[in-house]
Novice: 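First the structure, then my questions, so here it is.
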Amino acid sequence: MKRDLIMLGWREMVALPDLGIEGAQAKIDTGARTSALHAHVLETFRKGEREYVRFAIDYAPQKVQQVCEAIRVDRRTITSSNGEAEERLIVKTQIRIGDTAFRAEFSLADRSDMVFPILIGRTALRSRFVVNPARSYLQSPARARKRILG
């Protein structure tokens with residue numbers, strides 16, 4: 001039985017509940033393989049057998065400033081949109097877009113020169129969503145958009 005895919009706009013409001021992030025703007029980018037989260041890596045450390053990363057997020061326009069911790073799942077070379085390759089830490093955390101929640105991998109990167117602090121790549125989108133590039137905020141409630149944009 002084929003599952004109906006959910007329609008997204010090219011930008012949506014998302015939540016990363018495990019990191020305490022609600023109502024952050026994200027660019028939906030089918031050209032990017034890996035999702036990215038604006039963060040400044042502070043340190044990596046071990047808790048028992050697992051390696052963790054502590055990072056700071058600061059989305060000034062959205063008034064989000066906090067320190068987060070997540071299990072480090074990998075370290076990969078990521079090629080950015082400007083063609084530069086850099087090694088980034090990868091974490092996996094829950095994401096919620098509209099009523100759909102799932103776990104996705106995010107590279108931690110300095111996105112301070114980008115409009116959107118979060119980029120959702122095609123690996124996270126696969127088998128769940130389709131994207132309408134002519135529309136915005138199809139899965140974002142009006143009250144969340146108004147709080148950020150209004």
Side-chain angles (χ1 to χ4, degrees), residues 3 5-47 50-98 100-140 144-145 147-150:
R3 188 171 93 182
L5 301 178
I6 298 165
M7 178 78 64
L8 298 179
W10 71 271
R11 57 186 171 174
E12 293 287 346
M13 304 301 291
V14 303
L16 304 173
D18 295 343
L19 303 179
I21 299 171
E22 292 289 331
Q25 286 191 84
K27 179 179 180 182
I28 309 301
D29 188 350
T30 60
R33 177 181 299 140
T34 307
S35 299
L37 173 63
H38 172 61
H40 300 284
V41 174
L42 302 174
E43 66 178 322
T44 58
F45 60 97
R46 295 194 79 75
K47 281 187 188 177
R50 312 233 39 188
E51 187 171 353
Y52 283 73
V53 59
R54 183 173 290 125
F55 53 95
I57 56 173
D58 182 2
Y59 310 155
Q62 298 176 34
K63 299 173 183 65
V64 174
Q65 296 176 316
Q66 63 199 46
V67 174
C68 303
E69 290 180 3
I71 296 171
R72 183 188 80 102
V73 282
D74 204 359
R75 182 182 296 267
R76 295 185 197 142
T77 300
I78 306 286
T79 303
S80 66
S81 59
N82 65 10
E84 291 183 27
E86 69 176 323
E87 193 169 277
R88 297 184 190 170
L89 292 174
I90 307 294
V91 299
K92 193 169 191 175
T93 191
Q94 185 180 52
I95 180 171
R96 190 176 64 245
I97 305 174
T100 304
F102 56 97
R103 294 184 61 73
E105 291 186 347
F106 289 85
S107 70
L108 302 179
D110 180 355
R111 294 182 54 81
S112 56
D113 59 340
M114 303 293 185
V115 173
F116 296 92
I118 301 172
L119 181 138
I120 308 299
R122 66 181 178 269
T123 302
L125 300 170
R126 186 179 22 228
S127 301
R128 293 182 183 94
F129 304 103
V130 292
V131 181
N132 182 340
R135 301 287 306 273
S136 296
Y137 305 114
L138 294 176
Q139 297 301 313
S140 303
R145 292 192 313 263
R147 190 173 60 236
I148 298 303
L149 306 172

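Residues take their numbers from the sequence shown, with the count starting at 1. Given the structure is predicted, the values throughout are model-derived calculations rather than measurements.
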Novice: If you measure from OG1 on Thr100 to CD on Gln139, what distance do you get to the nearest 0.5 Å?
Specialist: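 Thr100 atom OG1 to Gln139 atom CD measures 6.5 Å (nearest 0.5 Å).
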
Novice: Tell me the closest heavy-atom pair linking Thr77 and Ala85, and the distance in Å.
Specialist: CG2-CB, 3.8 Å

Novice: With Arg46, which residues qualify under side-chain contact (heavy atoms from CB on, under 4.5 Å), at least two apart?
Specialist: Glu51

Novice: Only pairs at least two apart or in different chains count here, so list each side-chain hydrogen bond (donor to acceptor under 3.5 Å, both in side chains) that has a residue in residues 109-124.
Specialist: Asp110-Ser112

Novice: Output the distance between atom OG1 (Thr44) and atom OH (Tyr52), rounded to the nearest 0.5 Å.
Specialist: 13.5 Å

Novice: With sequence neighbours excluded, what pairs up with Glu86 under the salt bridge (Lys or Arg N to Asp or Glu O under 4.0 Å) test?
Specialist: Arg88

Novice: List in chain and number order the residues that pass salt bridge (Lys or Arg N to Asp or Glu O under 4.0 Å) with Arg103, two or more places apart in sequence or in another chain; answer none if no residue qualifies.
Specialist: Asp18

Novice: Can you sort out the partners of Phe116 under ring-ring contact (aromatic ring centres under 6.0 Å, His included), two or more places apart, ordered by chain and number?
Specialist: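 If we apply the ring-ring contact (aromatic ring centres under 6.0 Å, His included) test to Phe116, skipping adjacent residues, the hits are Trp10.
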
Novice: Could you list the residues that satisfy side-chain contact (heavy atoms from CB on, under 4.5 Å) with Ala134, not counting sequence neighbours?
Specialist: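 Only Asn132 meet the side-chain contact (heavy atoms from CB on, under 4.5 Å) criterion with Ala134.
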
Novice: Which distance, rounded to the nearest 0.5 Å, do you find between the CZ of Arg11 and the CD1 of Ile118?
Specialist: 15.0 Å

Novice: Can you give me the closest heavy-atom contact between Phe102 and Ala124, atom names plus distance?
Specialist: CE1-O, 3.6 Å

Novice: Of all the heavy-atom pairs spanning Val131 and Met7, show the shortest one and how long it is.
Specialist: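 Minimum heavy-atom separation between Val131 and Met7: C-SD, 4.2 Å.
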
Novice: With sequence neighbours left out, write down each residue that passes salt bridge (Lys or Arg N to Asp or Glu O under 4.0 Å) with Glu87, or none if nothing qualifies.
Specialist: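 Counting only residues at least two positions away or on another chain, Glu87 forms a salt bridge (Lys or Arg N to Asp or Glu O under 4.0 Å) with Arg75.
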
Novice: Can you list everything that forms a side chain to side chain donor-acceptor pair (under 3.5 Å) with Arg76? Sequence neighbours excluded, please.
Specialist: Asp74, Glu105

Novice: Using side chain to side chain donor-acceptor pair (under 3.5 Å) as the criterion, list what pairs up with Ser35, not counting sequence neighbours.
Specialist: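 Ser35: no side chain to side chain donor-acceptor pair (under 3.5 Å) contacts found.
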
Novice: In Å and rounded to the nearest 0.5 Å, what is the CG to NE2 distance from Asp58 to His38?
Specialist: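 Rounded to the nearest 0.5 Å, the CG-NE2 separation comes to 6.0 Å.
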
Novice: Evaluate the side-chain contact (heavy atoms from CB on, under 4.5 Å) criterion for residues Leu138 and Leu8: first the C-alpha distance (whole Å), next the side-chain angles of each, then the deciding distance (0.1 Å), finally the verdict.
Specialist: CA-CA 5 Å; Leu138 294 176; Leu8 298 179; 5.8 Å; no

Novice: Any chance you could lay out the side-chain contact (heavy atoms from CB on, under 4.5 Å) test for Phe129 and Ile28, step after step, and finish with the verdict?
Specialist: CA-CA 10 Å; Phe129 304 103; Ile28 309 301; over 6 Å; no

Novice: Taking only residues at least two apart or on different chains, which pairs with a member in residues 26-41 satisfy salt bridge (charged side-chain N to carboxylate O under 4.0 Å, His left out)?
Specialist: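 Not a single pair qualifies under salt bridge (charged side-chain N to carboxylate O under 4.0 Å, His left out).
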
Novice: Taking only residues two or more places apart in sequence or in another chain, which ones pass side-chain contact (heavy atoms from CB on, under 4.5 Å) with Ala15?
Specialist: Pro17, Glu22, Arg96

Novice: What's the spacing between Ile97 CD1 and Ser140 OG if we round to 0.5 Å?
Specialist: 8.5 Å

Novice: Do you know which two heavy atoms are closest between Gln94 and Ala101, and how far apart they sit?
Specialist: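 Heavy atoms only, the tightest pair is NE2-CB, 3.8 Å.
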
Novice: Counting N and O atoms only, with roles assigned by atom type, does the side chain of Gln66 sit under 3.5 Å from a partner on the main chain of Leu19, one being a donor and the other an acceptor?
Specialist: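 Checked: pair present.
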
Novice: Would you name the heavy atoms of Ser107 and Thr34 that are closest together and state the gap between them?
Specialist: N-CG2, 4.2 Å

Novice: Output, in order, the C-alpha distance, side-chain angles, deciding distance and verdict of side-chain contact (heavy atoms from CB on, under 4.5 Å) for Thr93 and Leu37.
Specialist: CA-CA 11 Å; Thr93 191; Leu37 173 63; 5.9 Å; no

Novice: Taking the side chain as every heavy atom from C-beta outward, state whether Phe55 and Leu89 have any atom pair closer than 4.5 Å.
Specialist: no

Novice: Which heavy atom in Ala24 sits nearest to a heavy atom in Ile21, and how many Å separate them?
Specialist: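 Reported closest heavy-atom pair: CB-CG2, 3.7 Å.
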
Novice: Go through the steps to decide whether Ile120 and Ile95 satisfy the test side-chain contact (heavy atoms from CB on, under 4.5 Å), and finish with yes or no.
Specialist: CA-CA 10 Å; Ile120 308 299; Ile95 180 171; 3.3 Å; yes

